Amino acid sequence: QVQLVESGGGLAQAGGSLRLSCAASGRTFINYAMGWFRQAPGKERELVAAINWDGLSTHYSDSVEGRFTISRANTKNTVYLQMNSLKPEDTAVYYCAAAYFSSAPMTAEQYAYWGQGTQVTVSS
């Protein structure tokens, strides 16, 4: 089992920044690729960003490319999502997820472990 706990969500103004953190425990962190997903009311959960086991390969959705940065600190068992130039359409619950792959999968079904989610609200 892998336990994931997100933090850092909250309220931001459009154009502002937030940094999300996800602390992992329970299994060897470097064995897992990590992803950040989000789900807005009435919408499906979507992949925002993903990172492979060593942090050298990342993937972003088109909607956040150039604004968000995913990173990981394997010595701290933590993955981060730096969110800059926030837009109201970024408002959602953000989830951290872990997949037992060296490369990061692109679909939610391939992630076995999920955090409880953290709310991000961006006001215009």
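Since this is a predicted model, take the numbers as computed values, not measurements.
Between F37 and W114, the ring planes lie tilted relative to each other; the angle falls in the 30° to 60° range.
Within the 4.5 Å cutoff, side-chain heavy atoms of Q119 are placed close to those of T121.
Residue Q13 qualifies as open at atom CD: its count of foreign heavy atoms under 6.0 Å is 12 or below.
Side chain of N52 to backbone of A33: no donor-acceptor contact under 3.5 angstrom is found. Using modelled atom types, one side-chain atom of T78 and one backbone atom of K76 make a donor-acceptor pair closer than 3.5 Å. Remark: the backbone N or O of G117 is paired with a side-chain donor or acceptor of E6 at under 3.5 angstrom.
Other members of the hydrophobic cluster containing M83, listed by chain and number, are V2, L4, L18, L20, F29, Y32, M34, W36, V48, I51, Y60, V64, F68, I70, V79, L81, L86, Y94, Y100, Y113, V120, V122; membership follows side-chain contacts under 4.5 Å among ILVMFWY residues, whether direct or relayed. The hydrophobic cluster containing I30 also includes W53, under a criterion of side-chain heavy atoms closer than 4.5 Å among ILVMFWY residues, counted directly or through chains of members.
With sequence neighbours excluded, the residues that form a side chain to side chain contact (heavy atoms under 4.5 Å, CB included) with S17 are Q82, N84.
To the nearest 0.5 Å, the span separating OH on Y80 from CZ on R72 amounts to 11.5 Å. Rounded to the nearest 0.5 angstrom, S25 OG and Q3 CD are separated by 4.5 Å. Distance check: E89 CD to K43 NZ gives 8.0 Å after rounding to the nearest 0.5 Å.
A salt bridge between D90 and R38 is present, with a side-chain N of the basic residue lying under 4.0 Å from a carboxylate O of the acidic one.
The nearest pair of heavy atoms linking M106 to A50 is CE-CB, 4.3 Å.
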